[in-house]
Asks: 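Sending over a structure as structure tokens; questions will come in a sec.
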Amino acid sequence: MASKSVMDLMEASSGVHFSGFHMDSLKQRIKDIEAPTTSATEDMHKQPFVIGVAGGAASGKKTVCDMIIQQLHDQRVVLVNQDSFYHDLTEEELTRVHEYNFDHPDAFDTEQLLCVMEKLKHGQAVDIPNYDFKSYKNMFPARRVNPSDVILLEGILIFHDPRVRELMNMKIFVDTDADVRLARRIRRDTSEKGRDIGAVLDQYSKFVKPAFDDFILPTKKYADIIIPRGGDNHVAIDLIVQHIRTKLGQHDLCKIYPNLYVIQSTFQIRGMHTLIRDSQTTKHDFVFYADRLIRLVVEHGLGHLPFTEKQVMTPTGSVYTGVDFCKRLCGVSVIRSGESMENALRACCKGIKIGKILIHREGDNGQHLIYEKLPTDISERHVLLLDPILGTGNSAVQAISLLLKKGVPESNIIFLNLISAPQGVHVVCKCFPRIKIVTSEIEIGLNKDFRVIPGMGEFGDRYFGTDDDNQQVVVAPCQ
Ligand SMILES: Nc1ncnc2c1ncn2[C@@H]1O[C@H](COP(=O)(O)OP(=O)(O)O)[C@@H](O)[C@H]1O
Ligand SMILES: Nc1ccn([C@@H]2O[C@H](COP(=O)(O)O)[C@@H](O)[C@H]2O)c(=O)n1
Ligand SMILES: [Mg+2]
């Protein structure tokens with residue numbers, strides 16, 4: 001697919017052209033940017049890294065996957081189990097369940113598995129069946145799974161069908177001794193599946209062991225990596241995680257742009273993102289968790305300000321050598337969603353001056369109407385530019401250009417976002433290589449309407465409550 005130039009992307013996204021400031025030279029600079037990864041469609045279809053994990057029943061496939069997920073905590077990872085695609089049993093099969101071979105390739109609905117995997121690979125959300133081992137049916141509501149950077153597909157027979165193997169970028173076989181597998185299976189099936197030990201042993205000798213020899217073991221040859229001892233093999237899992245990181249790193253914007261800083265992800269941060277991205281989250285919770293994330297981004301951004309060494313005397317009479325905060329700074333919020341970041345900045349920097357910029361993305365006759373109110377001495381300050389979402393980079397370029405026109409050195413600008421689309425990062429970092437961008441997550445890309453995906457919707461509306469038509473302000477009567 002031919003990639004569009006950044007300029008095409010930006011012009012198409014706004015429907016209008018830049019105006020004001022040094023836009024002619026800026027346009028030329030943007031035109032010069034030919035980043036092959038900046039096409040919206042390309043980024044949207046950036047395919048995830050698919051890892052297949054096969055091995056005998058109870059070999060530790062799920063345990064290995066959980067360990068990989070744990071170590072890849074800062075990536076979007078999803079686990080798909082082949083078990084979810086067991087065919088439901090008919091009434092007749094149910095009456096003779098002990099004669100049913102759950103270890104044969106025909107026990108699985110491989111067509112459905114393929115369909116789900118194809119969709120996930122192409123960036124679509126899917127509903128995965130929820131199989132119940134006790135009733136032998138899909139009893140529960142399906143599990144909604146969103147597109148991810150890494151897909152782990154685990155199951156006894158996932159290497160059996162060549163079409164499923166084709167989907168995988170890496171194949172792992174968990175190689176655990178048969179007696180260990182049997183011992184684990186007895187414990188698991190009696191405690192978790194409510195089966196009696198006699199039935200477990202009968203099933204093992206009748207179906208599980210023969211199927212392992214006939215169908216599972218022969219697929220070991222397709223594996224790129226064989227892990228002896230499963231989850232006990234920490235060295236193997238570390239190496240696998242390193243490899244996945246290297247592969248994902250090919251798209252790592254931080255490696256391309258050293259001035260882009262994505263704050264270190266933790267499960268707390270992922271949890272907050274999950275809440276603010278959920279369309280069902282109430283306004284109250286949205287504001288609460290957005291505020292928490294904003295505070296983290298602001299604190300991180302402040303860490304990039306210059307400092308001077310300072311020594312103080314502690315109450316024990318000892319000297320502590322520390323640093324003094326940078327004093328010449330100010331905030332600039334891009335109205336309106338940027339205003340949501342002002343409180344966090346004020347909470348961190350007592351009495352800080354905060355200017356404002358208003359950018360109309362669709363103006364008359366292609367003209368952008370811009371309002372600005374900035375500290376008069378802004379050129380002598382470090383500027384924390386506030387906008388929670390970096391999408392196409394259009395508004396950011398406008399805002400930064402204004403700051404430069406006011407005499408702020410490019411290297412004195414720190415642009416703070418909650419989420420940033422790769423397209424916007426390319427545009428801003430290439431136009432202004434000396435500014436710093438601090439963000440909490442990099443997005444998949446932009447959709448055809450140039451909205452950030454997965455995104456979180458209209459941030460300003462959700463934060464300030466203007467997306468809720470039914471919202472009424474109740475004014476307490478005067479006493
Ligand atoms: N390294 C290990 N040491 C002890 N128990 C383990 C280990 N790996 C897995 N198990 C246990 O064995 C059972 C099967 O493991 P699981 O990872 O679910 O295997 P699989 O997905 O291959 O069926 C589970 O009860 C799990 O807790
Ligand atoms: N209703 C079912 C379905 C499957 N099994 C057994 O599960 C094993 C596969 O799951 P793992 O987590 O061990 O990979 C397989 O050996 C089936 O025999 C079952 O017992 N009942
Ligand atoms: Mg399992």
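Every number for a ligand or one of its atoms is a count from 1 in the order of the listing. Nothing fancy with the numbering, it's 1 onward along the sequence. The structure presented is a predicted model; accordingly, all values stated were derived computationally and were not measured.
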Asks: Do the side chains of Arg277 and Glu443 get close enough for a salt bridge, i.e. N-O under 4.0 angstrom?
Replies: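 A salt bridge links Arg277 with Glu443.
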
Asks: Below 3.5 Å only, please: the N or O atoms of ligand 2 paired with protein N or O atoms, distance on each line.
Replies:
residue  : atom   : partner : partner atom : Å
ligand 2 : 1 (N)  : Tyr131  : OH           : 2.9
ligand 2 : 12 (O) : Arg188  : NH1          : 3.2
ligand 2 : 13 (O) : Ala58   : N            : 3.2
ligand 2 : 13 (O) : Arg188  : NH1          : 3.3
ligand 2 : 13 (O) : Arg188  : NH2          : 2.8
ligand 2 : 14 (O) : Lys61   : NZ           : 2.8
ligand 2 : 16 (O) : Asp103  : OD1          : 3.3
ligand 2 : 16 (O) : Asp103  : OD2          : 2.5
ligand 2 : 16 (O) : Arg185  : NH1          : 2.8
ligand 2 : 18 (O) : Asp103  : OD1          : 2.4
ligand 2 : 18 (O) : Arg185  : NH2          : 2.9
ligand 2 : 18 (O) : Gln203  : NE2          : 3.2
ligand 2 : 20 (O) : Arg195  : NH1          : 2.6
ligand 2 : 20 (O) : Gln203  : NE2          : 3.2
ligand 2 : 21 (N) : Arg195  : NH1          : 3.4
ligand 2 : 21 (N) : Arg195  : NH2          : 3.0

Asks: Salt bridge or not for Glu458 and Arg451, using N-O below 4.0 Å?
Replies: yes

Asks: Is the closest basic N to carboxylate O distance between Arg143 and Asp127 below 4.0 Å?
Replies: no

Asks: Could you name each residue pair satisfying ring-ring contact (aromatic ring centres under 6.0 Å, His included) that touches residues 266-290, not counting sequence neighbours?
Replies: Phe286-Phe459

Asks: Any cation-pi pair here, Arg195 with Phe133, using under 6.0 Å and within 45°?
Replies: no

Asks: Phe102 and ring-ring contact (aromatic ring centres under 6.0 Å, His included): which single residue from Phe85, Phe207, Tyr86 fits?
Replies: Tyr86

Asks: Show, in sequence, the C-alpha distance, side-chain angles and deciding distance for Leu390 and Thr439, and conclude whether the side chain to side chain contact (heavy atoms under 4.5 Å, CB included) test is met.
Replies: CA-CA 9 Å; Leu390 170 58; Thr439 187; over 6 Å; no

Asks: Listed by chain and number, what are the ring-ring contact (aromatic ring centres under 6.0 Å, His included) partners of Phe173, not counting sequence neighbours?
Replies: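 Residues passing ring-ring contact (aromatic ring centres under 6.0 Å, His included) with Phe173: none at all.
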
Asks: Can you confirm if the NZ or CZ of Arg165 lies within 45° of the ring axis of Phe159 and under 6.0 Å from the centre of its six-membered ring?
Replies: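 Judged by the rule, Arg165 and Phe159 form no cation-pi pair.
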
Asks: Anything with a heavy atom under 4.0 Å from ligand 1 counts, so go ahead and list those protein residues by chain and number.
Replies: Gly56, Ala58, Ser59, Gly60, Lys61, Lys62, Thr63, Glu154, Arg184, Arg188, Asp232

